[in-house]
Amino acid sequence: MSTYTPAQIESKWQAAWADANTFKATRTEDKPKYYVLEMFPYPSGRIHMGHVRNYTMGDVIARYKMSTGHNVLHPMGWDAFGMPAENAAMASGGHPKDWTYQNIADMKAQMKPLGLSIDWSREFATCDPEYYGQQQALFIDFLEKGLIYRKKAVVNWDPIDMTVLANEQVIDGKGWRSGADVERRELVQWFFKISDYSEELLSAIDTLDDWPAKVKLMQANWIGKSRGLQFSFSMVDGPDGHDRVEVYTTRPDTLMGASFVGISPDHPLARELERDNPEIAAFCAECRKGGTTAAELETAEKKGYDTGLTVRHPFDTSWELPVYIANFILMDYGTGAIFGCPAHDQRDFDFATKYDLPIIATYLPEADSDPQLTEAYVPLKSESVHYVKGFAGEPVQTGDDGVNAAIAFCEENGVGHGVTKFRLRDWGLSRQRFWGAPIPVVHCDDCGVVPEAKENLPVELPYDVTFDVPGNPLDRHPTWRNCACPACGKPAQRETDTMDTFVDSSWYFARFTSPDAATPTDAAEAAYWMNVDQYIGGIEHAILHLLYSRFFARAMNMTGHLPDSAREPFNALFTQGMVTHAIYQTPSNTAARPIYHYPEDVEVRDGVTVLKATGQEVEVIPSAKMSKSKNNVVDPDNILAQYGADTARWFVLSDSPPERDVEWTASGAEAAFKHISRVHRVATDIAAMTDATGQGDEELIRATQRATLTFQVSGTLR
RNA sequence: GCCCCCGUGGUGGAAUGGUAGACACUGGAGACUUAAAAUCUCUUGGCCGUAUGGCCGUGCCGGUUCGAGUCCGGCCGGGGGCACCA
């Protein structure tokens, strides 16, 4: 009987693979290709079990495809721009660049012992000037093709730190460092015209046969195609230049239930009114307090201000409706104005109740229903309803048919027209931060906004910056922004905004096909390796990252950087579950928050989980996301040292189906180790067993079945 | 608030609308051992029963069906996303 010594076995084979360049991807036309990719990591400094699980899945597929005659591309890189590096620089000095590259070195050292089949020769970080310089070239090409434009957009503004805050830096409407009330403020920013592709990004979802249905549904809902009526109310006595209020509604069938018109505090009419009316100005200012997130806006207490203005109902000009400024109406969806129908929309109902506005039902559940509603009546799809109020006395219908009939009726009577709208907004890419790819444009007094010349790329980040005060160091750098205008040659100023980190991750998969090319991609390499055959990552990227990448592939196709066949870049998508771990906690006498204990400090005695040191009973919260602050993180280094990579890999793939969460448990890890040990033992003893009298046959069959499966996942026991 | 997903033994989980709990972990019993570990065998949803066996069971309530873990409606609980976290 031989002993299983993973440290020796794994290091031996890993060295052999490295020497033989086993995992180097080479383009040869005699073999089919296979491109497997895991979502690349942010270099936080330590890998965690989620990474192990993610890369193991890709590794299993890569090894399988290699063994079936494919040229396999299985690369790895680093999503290296972002706020944590700046936060680290602010907290402890140093430079984001040094922090980031050190973290990359540390994480790579942790990943190597996992024995992954990665072609490390293609490695890059998005903060490498060679990478973001090519990204700047893409920006310039997109700009030329009209895929990028500038407009005003709101940001979270911290009035004490005088800086823009990310949503996660706004806590309960206050700046995370200053504690000041955050305000919404408008800045001129750059946008990708992703909305040009709304229809195509939506309809092409049908072609993504190997994507999870739920991701496709989430993307479809995000794009949010709707059919509705756009029309305008005429104002009874509006200010100059405001004789109509344009609204969009998906429920024109309830138009006879209108009881008010609501406009966003950022609507042009509200802007006009607040100029002369301090009370309105104060109300709008109040509405602009707090963060910019949809969740915050929609859960905030509904507030309205009666402007005193009225509009005429389109079907009865003697019927006047009050105009309210309301804090829950978003300027950037629809027209920034709505008609309120309290009887059939709960939000409008709450608003009408609060401001004592009429609640007019256009239909009721039954003919003899009490018309005094206590909540909005929104019928189920299958439910038939009784109409009490329709257009020109005629009843309408519920559902899509009712909406279409209402649109047709309104169009016939000269009230607006049917339109198709999308919820998808253009993608704002400007960030008022240092640690990102500089937006390669120059502001010239004579020429205006001019793209940097490609021969001057990359526009590189300076190293001599400090983070002792909040804000973007590029703004206050003494010389960096000074440059010559690429058009006229006169002195000009660089843009100091950098790009959203989602830009970096929207085309890295294409760059992996030719990481050293002098252009963003190499046509022959991209044509051979694209698309990604299997993409693997977390469900948290189901919408933004994947949608942006789908847009980028189209934009790169339009600008000649990707072939037509790569307009949908990911043939198959797999969304893996998280690796979780129990939290062990005891109540604290002094703080509201409990005391969290490390797994190694607790044990089970007589079925009760207790602290080893004191015997005190511990509350166990199962299956919680691993978090440093909860002391429930399992460090892959320790697991690898104790059991070896194959055990860790086997456990995170076998204990729970790959798409579901897996709870890391010490007993489960122990069991996985026993299993791998058993496979190893039997495999190495097969010769001896077959020499014997044949009594080992049954054992051999079982062992062979286990080994076949295990080899697919771990692969190093050969 | 809106969109999406999930809920089955002590645990991870399995079940094209057709015998619920495959497989595995833990636990229990046993074999081997001076002993322990390791390994191997049996056993392990709950309740009643010495037993043959019976009853109850897939978060809750209702519906469709000859038949529901599975389909439909409504709840409850947990999770993910909501456009400047990555």
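Convention: sequence-line order gives letters A, B, ...; per-chain numbering from 1. The shown structure was predicted, so the numbers you read here are calculated from the model rather than taken from an experiment.
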Student: Would you check if the distance from the ring center of Phe673(A) to the ring center of Tyr4(A) is below 6.0 Å?
Tutor: yes
Student: Can you measure Tyr4(A) atom OH to A37(B) atom P for me and round it to whole angstrom units?
Tutor: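 Result: 23 Å.
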Student: When the C1' atoms of U64(B) and C72(B) are compared, how many Å lie between them, rounded to an integer?
Tutor: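 Those two atoms are separated by 7 Å.
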Student: Any strand is fair game: report the nucleotide pairing with G1(B) by Watson-Crick or G-U wobble, both distances under 3.5 Å, or none.
Tutor: C82(B)
Student: Does Thr498(A) have any side-chain hydrogen bond (donor to acceptor under 3.5 Å, both in side chains) partners at least two apart in sequence or in another chain, and if so, which?
Tutor: none
Student: Just the table, please: protein N/O against nucleotides 6-9 of chain B N/O, every pair under 3.5 Å.
Tutor:
none

Student: I'd like the P distance from U41(B) over to C32(B), given in whole Å.
Tutor: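 It works out to 15 Å between them.
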Student: Enumerate the residue pairs fulfilling salt bridge (Lys or Arg N to Asp or Glu O under 4.0 Å) with a member in residues 40-53 of chain A, sequence neighbours excluded, ordered by first and then second residue.
Tutor: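 Output for this query lists Arg46(A)-Asp635(A), Arg46(A)-Asp637(A).
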Student: Applying side-chain hydrogen bond (donor to acceptor under 3.5 Å, both in side chains), can you list everything that pairs with Trp427(A), at least two apart in sequence or on another chain?
Tutor: Asp500(A)
Student: Looking at the rings of Phe651(A) and Tyr643(A), which for Trp means the six-membered one, are their centres under 6.0 Å apart?
Tutor: no
Student: Of all residues at least two apart in sequence or in a different chain, which pass the side-chain hydrogen bond (donor to acceptor under 3.5 Å, both in side chains) check with Asp196(A)?
Tutor: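 For Asp196(A), no residue satisfies side-chain hydrogen bond (donor to acceptor under 3.5 Å, both in side chains) once neighbours in sequence are set aside.
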Student: Establish, yes or no, whether a centroid distance under 6.0 Å links the rings of Tyr548(A) and Phe552(A).
Tutor: no
Student: Quick test: give all pairs of protein nitrogen or oxygen and nucleotides 26-33 of chain B nitrogen or oxygen below 3.5 Å, distance rounded to 0.1 Å.
Tutor:
{"from": "U26(B)", "atom 1": "OP1", "to": "Lys674(A)", "atom 2": "NZ", "distance (Å)": "3.4"}

Student: Starting at NE2 of His675(A) and ending at P of C25(B), how long is that distance when rounded to a whole Å?
Tutor: 9 Å
Student: How far, in whole Å, is C85(B) from C5(B) if one measures between their P atoms?
Tutor: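 Going atom to atom, P in each nucleotide, I get 25 Å.
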Student: Considering Watson-Crick and G-U wobble pairs with both distances under 3.5 Å, what does G73(B) pair with?
Tutor: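 Answer to the pairing question: C61(B), which forms a Watson-Crick or G-U pair with G73(B).
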Student: Could you state the atom-to-atom distance from CG of Leu217(A) to C1' of C3(B) in whole Å?
Tutor: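 That distance rounds to 8 Å.
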Student: Checking side chain to side chain contact (heavy atoms under 4.5 Å, CB included) against Trp211(A), which of Ile205(A), Leu546(A), Thr575(A) comes through?
Tutor: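 Single pass found, and it is Leu546(A).
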Student: Give the rounded distance in Å between these two atoms: CG of Asp345(A) and C1' of G1(B).
Tutor: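 Asp345(A) atom CG is separated from G1(B) atom C1' by 11 Å.
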Student: Using the P atom on both, measure C55(B) against A37(B) and round to a whole Å.
Tutor: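 Rounded to whole Å, the distance is 43 Å.
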Student: Between C75(B) and A24(B), how far apart are the C1' atoms? Round to whole Å, please.
Tutor: 35 Å
Student: What is the base-pairing partner of U39(B), counting Watson-Crick and G-U wobble geometry with both distances under 3.5 Å?
Tutor: A31(B)
Student: Run the side-chain hydrogen bond (donor to acceptor under 3.5 Å, both in side chains) test against Glu183(A) and tell me which residues pass, sequence neighbours left out.
Tutor: none
Student: Please measure how far the C1' atom in G18(B) lies from the corresponding atom in A68(B), and state the result in whole Å.
Tutor: 10 Å
Student: Can you list everything that forms a side-chain contact (heavy atoms from CB on, under 4.5 Å) with Ala85(A)? Sequence neighbours excluded, please.
Tutor: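 Partners of Ala85(A) by the side-chain contact (heavy atoms from CB on, under 4.5 Å) criterion, ordered by chain and then number, come out as Tyr42(A), Pro96(A), Trp99(A), Thr100(A), Trp435(A).
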Student: What is the distance, to the nearest angstrom, from the CG atom on Asp661(A) to the C1' atom on G13(B)?
Tutor: 13 Å
Student: So, is G13(B) syn or anti if syn means the angle is within 90° of 0?
Tutor: anti
Student: Can you tell me the base-pairing partner of G53(B)? Count Watson-Crick or G-U wobble geometry only, both distances below 3.5 Å, and say none if there is no partner.
Tutor: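 Partner of G53(B): C48(B).
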Student: List, one per line, each side-chain donor-acceptor pair under 3.5 Å for residues 163-170 of chain A, sequence neighbours excluded.
Tutor:
{"from": "Asn167(A)", "atom 1": "OD1", "to": "Asn156(A)", "atom 2": "ND2", "distance (Å)": "2.9"}
{"from": "Asn167(A)", "atom 1": "OD1", "to": "Thr292(A)", "atom 2": "OG1", "distance (Å)": "3.1"}
{"from": "Gln169(A)", "atom 1": "OE1", "to": "Ala166(A)", "atom 2": "N", "distance (Å)": "2.7"}

Student: I need the full list of side-chain hydrogen bond (donor to acceptor under 3.5 Å, both in side chains) pairs touching residues 214-223 of chain A, with sequence neighbours left out, sorted by first then second residue.
Tutor: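 Sorted pair list: Gln219(A)-Arg550(A).
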Student: What integer number of Å spans the C1' atoms of C76(B) and U65(B)?
Tutor: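 C76(B) and U65(B) have their C1' atoms separated by 26 Å.
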Student: Taking ring pair (Phe, Tyr, Trp, His ring centres under 6.0 Å) as the definition, give me every residue that meets it alongside His344(A), ordered by chain and number, with sequence neighbours left out.
Tutor: Tyr363(A)
Student: Once each nucleotide of nucleotides 80-86 of chain B is scored for protein heavy atoms under 4.0 Å, what B/S/- sequence comes out, 5' to 3'?
Tutor: -SBBBSB
Student: When you compare G12(B) with G62(B), how far apart are their P atoms, in angstrom units rounded to a whole number?
Tutor: 28 Å
Student: In whole Å, I'd like the distance from the CD atom of Gln219(A) to the P atom of C5(B).
Tutor: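 Going from CD in Gln219(A) over to P in C5(B) covers 14 Å.
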